[in-house]
Chemist: 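One structure is given below, represented as structure tokens, and several questions about it will come after.
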Amino acid sequence: MMQIIVKKDEFREALLSWYRREKRDLPWRRTSNPYYIWVSEVMLQQTRVDTVIPYYERFIASFPTMEALAGAEENDLLKMWEGLGYYSRARNLQAGVREVVSDYGGEVPSNRTEISTLKGVGPYTAGAVLSIAYGVPEHAVDGNVMRVISRLLLIEEDIAIPRTKKIFETVVMDLIDQEDPSSFNQGLMELGATICTPKPKCLLCPVRDFCLAFQEGRQEALPIKTKKTKMKMKIIPVASFAIQNSEGEWLMRQRPSKGLLASLWEFPMVEPADDKTPQKMAHEHFGIELVGIVDILIFKHIFSHLTWEMKSFGARIEKTDIIPDGYQFFSQEEVEALPKPVPVLKIWDEIKRGGLK
DNA sequence: AAGTCGTGGGA
DNA sequence: TTCCCAAGACT
């Protein structure tokens with residue numbers, strides 16, 4: 001039923017020798033600390049290697065142990081994640097680490113059953129940590145691995161369907177090198193990231209002699225991935241107000257703890273903004289009176305599924321006895337220390353650049 | 001199962 | 001410009 005590669009041992013040797021020779025020198029490949037591997041795997045979810053590197057270095061420097069991360073304040077944690085996106089990853093990582101510290105004596109579990117109970121640790125991350133940090137022969141199937149294996153064995157199942165992943169997990173468990181599961185799994189991913197890319201570079205491939213898709217000349221057609229009917233992008237006009245009191249402090253609030261940009265900090269925003277004057281929007285939405293309104297920036301911020309069309313304004317408020325619910329004033333230094341999403345960072349950077357302080 | 005959750009890079 | 005993402009997990 002399942003297509004089986006014939007020369008498993010030779011395939012393993014070809015992949016492993018290539019990986020050991022050609023692997024990129026990445027910071028998380030210089031350690032076998034399970035916690036550090038875990039951090040890197042979470043950061044790498046849906047995120048490019050080049051983007052992750054500086055975040056990983058700073059994160060490990062700030063939270064060098066699981067105890068340090070477990071004891072961190074949420075704002076300090078999110079500050080380390082600022083700009084990386086998918087901020088729930090950070091909260092889930094800390095929650096998982098706290099579980100390890102409190103329930104597992106500070107040792108990351110070394111079996112799939114237990115490690116999979118940790119917050120934010122799904123099937124891929126579990127297998128990656130187990131194989132890379134502990135040398136346990138477990139599958140770690142991500143998008144790269146599905147692309148590589150679908151070509152290698154000419155598997156034509158639709159990888160857009162979640163249950164298809166089980167096929168690849170089974171294949172990897174059959175193929176995986178028992179002596180060096182870490183290099184085997186990373187080798188598959190490295191191959192997918194550098195050679196067996198969506199537009200494959202088969203002439204450089206160390207395992208093309210084993211590749212059924214290459215033999216059939218169908219490597220470009222795999223993997224099969226049905227197009228998800230792409231949702232139409234919602235476009236939301238947003239007016240954002242960077243407001244100072246007479247002390248020069250800035251009005252900000254923390255976003256709700258669930259949903260988009262959860263728990264990050266922002267200036268007062270009106271969404272959707274209408275064509276009213278900024279003065280009127282602030283009055284009607286927040287019940288405050290602004291003076292000295294100036295334009296700061298107009299830009300679009302594009303999320304996966306929606307776009308904010310941002311108009312940002314600077315202003316002052318003189319009567320501070322009425323403040324919109326949930327908002328507080330912060331000094332320049334305090335604002336600097338708060339974790340902010342990229343669109344807010346853009347406004348804040350422009351304020352500092354323009355000397356509006 | 002399908003929608004949600006960020007961002008920046010490259011074709 | 002527009003599109004598709006890139007080492008997924010959660011609900």
Side-chain angles (χ1 to χ4, degrees), chain A residues 19 23-24 26-29 37-56 78 81-93 95-96 115-132 139-149 158-165 168-169 172 182 184-194 196-199 223 225-235 255-264 266 299-308 339-346:
Chain A
Y19 176 72
K23 64 181 178 185
R24 291 167 290 176
L26 304 173
W28 46 89
R29 287 181 176 165
I37 302 296
W38 184 5
V39 170
S40 73
E41 290 302 337
V42 172
M43 287 187 169
L44 285 163
Q45 290 168 11
Q46 303 292 289
T47 311
R48 290 179 148 74
V49 166
D50 289 343
T51 303
V52 167
I53 291 173
Y55 282 91
Y56 172 84
L78 290 172
W81 214 269
E82 184 180 75
L84 196 53
Y86 287 141
Y87 299 96
S88 288
R89 291 183 297 175
R91 272 189 301 277
N92 289 341
L93 174 62
I115 200 173
S116 297
T117 67
L118 301 174
K119 199 64 143 241
V121 178
Y124 164 76
T125 303
V129 174
L130 291 175
S131 61
I132 297 171
H139 60 77
V141 175
D142 67 345
N144 284 316
V145 172
M146 286 198 285
R147 185 169 56 253
V148 170
I149 298 292
D158 181 5
I159 67 166
I161 300 173
R163 56 183 160 78
T164 300
K165 196 166 71 165
F168 294 94
E169 291 170 347
V172 169
S182 169
F184 183 88
N185 281 341
Q186 293 190 81
L188 285 180
M189 290 187 278
E190 188 84 349
L191 191 64
T194 60
C196 198
T197 49
K199 299 289 182 189
K225 188 175 186 181
T226 59
K227 288 190 175 180
K228 295 175 182 175
T229 55
K230 51 174 181 284
M231 305 159 291
K232 22 186 168 180
M233 181 80 73
K234 288 181 198 167
I235 298 178
R255 292 177 61 85
S257 60
K258 291 181 184 296
L260 188 65
L261 305 173
S263 299
L264 276 70
E266 66 185 11
F299 62 97
K300 290 183 183 179
H301 186 77
I302 302 168
F303 297 93
S304 311
H305 50 297
L306 61 90
T307 296
W308 281 354
K340 299 171 285 293
V342 166
V344 177
L345 283 171
K346 281 184 189 165

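Below, each value reflects all heavy atoms present in this structure, side chains not excepted, and no hydrogens, waters or symmetry copies.
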Chemist: Which comes earlier along DNA chain B counting from the 5' end, the contact point of A/Y86 or that of A/I161, where each point is its nearest nucleotide?
Modeler: A/I161
Chemist: With C1' as the reference atom in both, quote the distance from C/dC5 to B/dG6 in angstrom, rounded to an integer.
Modeler: 13 Å
Chemist: Mind checking if A/T125 touches a base, just sugar-phosphate, or nothing, with heavy atoms under 4.0 Å?
Modeler: sugar-phosphate
Chemist: Starting at CG of A/L306 and ending at P of B/dC5, how long is that distance when rounded to a whole Å?
Modeler: 8 Å
Chemist: Reckon A/R24 touches a base, only the sugar-phosphate, or nothing at all at heavy-atom distances under 4.0 Å?
Modeler: base
Chemist: A/R89 side chain: which of B/dT7, B/dG6, C/dA9 is closest?
Modeler: B/dG6
Chemist: Please enumerate all residues that pass salt bridge (Lys or Arg N to Asp or Glu O under 4.0 Å) together with A/E41, with sequence neighbours excluded.
Modeler: none
Chemist: Provide the distance between the two C1' atoms, one in C/dA6 and one in B/dA1, to the nearest whole Å.
Modeler: 23 Å
Chemist: Taking only side-chain nitrogens and oxygens of A/Y87, does any of them come within less than 4.0 Å of OP1 or OP2 of B/dT7?
Modeler: yes
Chemist: To the nearest Å, give me how far apart CG (A/L44) and C1' (B/dT7) are.
Modeler: 14 Å
Chemist: Minimum heavy-atom separation for A/G127 and A/A140, please, with both atom names.
Modeler: C-CB, 3.8 Å
Chemist: Which pair of non-hydrogen atoms, one from A/Y87 and one from A/W81, has the smallest distance, and what is that distance?
Modeler: CE2-O, 3.4 Å
Chemist: Quick one: which of B/dC5, B/dG6, C/dG8 gets closest to the side chain of A/Y124?
Modeler: C/dG8
Chemist: In whole angstrom, give the distance that lies between atom CG of A/N92 and atom C1' of B/dG6.
Modeler: 15 Å
Chemist: Check every strand shown and say whether A/I132 touches a base, only sugar-phosphate, or nothing at a heavy-atom separation below 4.0 Å.
Modeler: nothing
Chemist: Would you kindly give the CG-to-P distance between A/L264 and B/dT7, to the nearest whole Å?
Modeler: 8 Å
Chemist: What contact category does A/K119 fall into here, base, sugar-phosphate, or nothing, at under 4.0 angstrom with non-hydrogen atoms?
Modeler: sugar-phosphate
Chemist: Does CZ in A/R24 sit with more than 12 non-hydrogen atoms of other residues, nucleotides or ligands closer than 6.0 Å?
Modeler: yes
Chemist: Please check this pair: side chain of A/T47 against backbone of A/Q45, looking for a donor-acceptor N/O pair closer than 3.5 Å.
Modeler: yes
Chemist: Would you indicate which nucleotide in B/dA1, C/dA9, B/dC5 comes nearest to any side-chain atom of A/P162?
Modeler: B/dA1
Chemist: With nearest nucleotide decided by heavy atoms, which residue, A/R163 or A/L260, maps closer to the 5′ end of DNA chain B?
Modeler: A/R163
Chemist: Mind calculating the distance between CD1 (A/I159) and P (C/dC4) to the nearest angstrom?
Modeler: 14 Å
Chemist: Looking at the rings of A/F303 and A/H305, which for Trp means the six-membered one, are their centres under 6.0 Å apart?
Modeler: no
Chemist: Which atoms of nucleotides 8-11 of chain B (N or O only) lie under 3.5 Å from a protein N or O atom, and what are those distances?
Modeler:
residue : atom : partner : partner atom : Å
B/dG8   : N2   : A/R48   : NH1          : 2.8

Chemist: With a non-hydrogen cut-off below 4.0 angstrom, is A/V121 in contact with a base, only sugar-phosphate, or nothing?
Modeler: sugar-phosphate
Chemist: I want to check one thing: is the phosphate of C/dC5, taken as OP1 and OP2, less than 4.0 Å away from some side-chain N or O of A/K225?
Modeler: yes
Chemist: When you match A/Q45 and A/P198 each to their closest nucleotide on DNA chain C, which lands nearer the 5' end?
Modeler: A/P198
Chemist: Measure from the side-chain N and O atoms of A/R89 to the backbone N and O of A/M43, and report whether any donor-acceptor pair falls under 3.5 Å.
Modeler: yes
Chemist: Rounded to whole Å, please give me the gap between CD in A/Q46 and C1' in B/dG6.
Modeler: 11 Å
Chemist: Nearest-Å distance, CE (A/M43) to P (B/dT7)?
Modeler: 15 Å
Chemist: Is the side chain of A/R91 donor-acceptor paired with the backbone N or O of A/S263 at a distance under 3.5 Å, no angle test?
Modeler: no
Chemist: On DNA chain C, check which nucleotide each of A/E190 and A/K258 is closest to and give me the residue with the more 5' one.
Modeler: A/E190
Chemist: Output the rounded distance in Å from NZ (A/K340) to C1' (B/dG6).
Modeler: 17 Å
Chemist: So, using ring pair (Phe, Tyr, Trp, His ring centres under 6.0 Å) as the criterion, who are the partners of A/Y124 when residues are at least two apart?
Modeler: none
Chemist: When rounded to the nearest Å, what value does the distance between P atoms of C/dT2 and B/dC5 take?
Modeler: 23 Å
